[in-house]
Undergrad: 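Before we start, here is the structure in question, set down as structure tokens.
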There are 2 protein chains.
Amino acid sequence: MGTMSGTVPLSPLVHPERGEMTVEAVLRALADPVRLAIVRQLAATGSEIACGALDVPVTKSTLTHHLSILRQAGVVTGRQDGTTRFNSLRRNDLDALFPGLLDGVLAAPR
Amino acid sequence: MGTMSGTVPLSPLVHPERGEMTVEAVLRALADPVRLAIVRQLAATGSEIACGALDVPVTKSTLTHHLSILRQAGVVTGRQDGTTRFNSLRRNDLDALFPGLLDGVLAAPR
DNA sequence: GGATTAGTTCGACGAACGTCGTAGTTCGAT
DNA sequence: ATCGAACTACGACGTTCGTCGAACTAATCC
């Protein structure tokens, strides 16, 4: 069962399209300290960051879980390159659907 | 025990000041369908709405709970008048702290 | 004094969430 | 072909969350 070779391209890495995104999912995704930290780091960089380069106080499996939630909500995108996955903010889509939301969150004092 | 007369002014009704509000609490408060519906109704009205006049699919005790969370996050204010409590959005404070956040949320397609 | 209306408070319950460790998969280098 | 690095997938666990009903308080009206 476990040992079989078919060479699947790692993971489908499914993201919602613009039309599939909901405010509630986005708000829920942002309403967690770890995920908010991830979004802040991605916003500060302006480009992509590998999972391992993200500064978060959780284990890797938990990080994976949080990134999955952010991805499913449409907040971030993942690009695979070798064994490392590069994550970036979907600024365009977020700004188009919920203009001001992301900037408002990032403008927060703390 | 229950029967004693001191006539307390109903409830302290404690709200955070501008400086006490955090993005995370606001996001968490907004990340629920019922509470989002409440905020939308308050925004649509532009002024205050009594608890009983809010259109939500939950019991009164649950409504109280949701309003309490919104109040503690600094999203809404409560004004007592007789036995009815009037709720209103803290637009000024929200816009000052997180410019664009509320508008972005309200601009959401669904 | 009741009776009524408007909200709140207090458990209680199940569902969802965040966290972890372990095991697994894929890729690249040796 | 073997090894290590980079993540992902799967259970398991404790905690928090949303929900309700029942009991309570406060103001208003008869």
Side-chain angles (χ1 to χ4, degrees), chain A residues 1-15 24-39 48-73 76-88, chain B residues 1-15 24-39 48-73 76-88:
Chain A
M1 283 75 93
T3 314
M4 246 216 41
S5 295
T7 310
V8 185
L10 203 53
S11 26
L13 233 316
V14 67
H15 305 83
E24 210 198 300
V26 171
L27 288 171
R28 207 106 70 121
L30 297 177
D32 175 272
V34 173
R35 295 195 288 264
L36 200 48
I38 294 173
V39 169
E48 20 179 50
I49 306 184
C51 298
L54 283 167
D55 183 23
V56 285
V58 292
T59 62
K60 271 201 286 190
S61 59
T62 302
L63 212 204
T64 299
H65 171 242
H66 284 306
L67 283 172
S68 155
I69 289 184
L70 285 170
R71 218 180 314 123
Q72 282 170 29
V76 309
T77 330
R79 180 180 68 85
Q80 194 77 21
D81 177 52
T83 64
T84 85
R85 194 193 292 289
F86 289 98
N87 310 279
S88 54
Chain B
M1 285 74 95
T3 314
M4 246 220 36
S5 295
T7 309
V8 186
L10 204 52
S11 26
L13 233 317
V14 68
H15 306 82
E24 212 199 298
V26 171
L27 289 172
R28 210 108 68 92
L30 297 176
D32 174 273
V34 174
R35 295 195 288 264
L36 201 47
I38 294 173
V39 169
E48 21 178 51
I49 305 183
C51 299
L54 284 167
D55 183 24
V56 286
V58 292
T59 62
K60 272 200 289 187
S61 59
T62 304
L63 212 206
T64 299
H65 172 240
H66 283 307
L67 284 172
S68 155
I69 288 183
L70 285 170
R71 216 180 317 122
Q72 282 170 30
V76 309
T77 330
R79 180 179 67 86
Q80 194 77 21
D81 177 53
T83 65
T84 85
R85 191 189 301 282
F86 289 99
N87 310 280
S88 54

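Chain identifiers are assigned alphabetically (A, B, ...) following the order of the sequence lines, protein sequences preceding nucleic acid strands; residue numbering begins at 1 within each chain.
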Undergrad: Atom NZ of A:Lys60 to atom P of D:dA5: distance rounded to whole Å?
TA: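 That distance rounds to 9 Å.
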Undergrad: How would you label the contact of B:Ile69 with the nucleic acid (heavy atoms, under 4.0 Å): base, sugar-phosphate, or nothing?
TA: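 The residue B:Ile69 makes sugar-phosphate contact but no base contact.
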Undergrad: Among D:dC20, D:dG18, D:dC7, which nucleotide sits nearest the side chain of B:Ser61?
TA: D:dC20
Undergrad: Could you tell me how far apart A:Leu63 (CG) and D:dT8 (C1') are, to the nearest whole angstrom?
TA: 12 Å
Undergrad: When you measure from the side chain of B:Thr64, which nucleotide among D:dA26, C:dC20, C:dT8 comes out closest?
TA: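 Closest nucleotide among those given: C:dT8.
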Undergrad: Could you give the distance from CZ (A:Arg28) to CZ (B:Arg28), rounded to the nearest 0.5 Å?
TA: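 With rounding to 0.5 Å, CZ (A:Arg28) is 12.0 Å from CZ (B:Arg28).
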Undergrad: Given B:Leu27 and A:Leu27, is the side-chain contact (heavy atoms from CB on, under 4.5 Å) satisfied, shown in steps?
TA: CA-CA 6 Å; B:Leu27 289 172; A:Leu27 288 171; 3.7 Å; yes
Undergrad: Just how far, in rounded Å, is C1' of D:dC7 from CD of A:Glu48?
TA: 16 Å
Undergrad: Which part of the nucleic acid, if any, lies within contact of A:Thr84, taking any heavy atom under 4.0 Å across all strands shown: a base, the sugar-phosphate backbone alone, or nothing?
TA: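 The answer is sugar-phosphate, as A:Thr84 gets under 4.0 Å only of primed atoms, P, OP1 or OP2.
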Undergrad: Which nucleotide in the set C:dG7, D:dA5, C:dT19 lies at the smallest distance from any side-chain heavy atom of A:Thr83?
TA: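 For A:Thr83, the side-chain atoms sit closest to D:dA5.
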Undergrad: Any side-chain N or O of B:Thr62 under 4.0 Å from OP1/OP2 of D:dC20?
TA: yes
Undergrad: Atom CG of B:Leu30 and atom P of D:dG18: how far apart are they, to the nearest Å?
TA: 12 Å
Undergrad: For A:Asp81 and A:Arg28, take the nucleotide of DNA chain C holding the closest heavy atom to each; which residue's nucleotide lies nearer the 5' end?
TA: A:Arg28
Undergrad: Send over the distance from A:Glu24 CD to D:dC17 C1', rounded to a whole Å.
TA: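 For the pair A:Glu24 CD and D:dC17 C1', the rounded distance is 13 Å.
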Undergrad: Output the rounded distance in Å from CG (B:Leu67) to P (C:dA6).
TA: 15 Å
Undergrad: Whole angstroms only, please: what is the CG-P distance between A:Asp32 and D:dT15?
TA: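 That distance rounds to 18 Å.
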Undergrad: If I take atom CZ in residue B:Arg79 and atom C1' in nucleotide C:dA6, what distance separates them, rounded to the nearest angstrom?
TA: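 Taking atom C1' of C:dA6 as the reference, CZ of B:Arg79 is at 15 Å.
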Undergrad: Does B:Ser68 use its side chain to pair, donor to acceptor, with the backbone of B:Thr64 at less than 3.5 Å?
TA: no
Undergrad: Tell me which nucleotide among D:dA5, D:dT19, D:dC7 gets nearest to the side chain of B:Val58.
TA: D:dT19
Undergrad: For the side-chain contact (heavy atoms from CB on, under 4.5 Å) test, which of B:Ile69, B:Val56, B:Leu70 pairs with B:Val34?
TA: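 The single option meeting the side-chain contact (heavy atoms from CB on, under 4.5 Å) with B:Val34 is B:Val56.
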Undergrad: Atom CG in B:Asn87, atom CG in B:Leu67: separation rounded to 0.5 Å?
TA: 5.0 Å
Undergrad: Do the side-chain N or O atoms of A:Thr59 get closer than 4.0 angstrom to the phosphate oxygens (OP1, OP2) of C:dC20?
TA: yes
Undergrad: Using the side-chain heavy atoms of B:His66, tell me which of these nucleotides is nearest: D:dT19, D:dC20, D:dT8.
TA: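 It is D:dT19.
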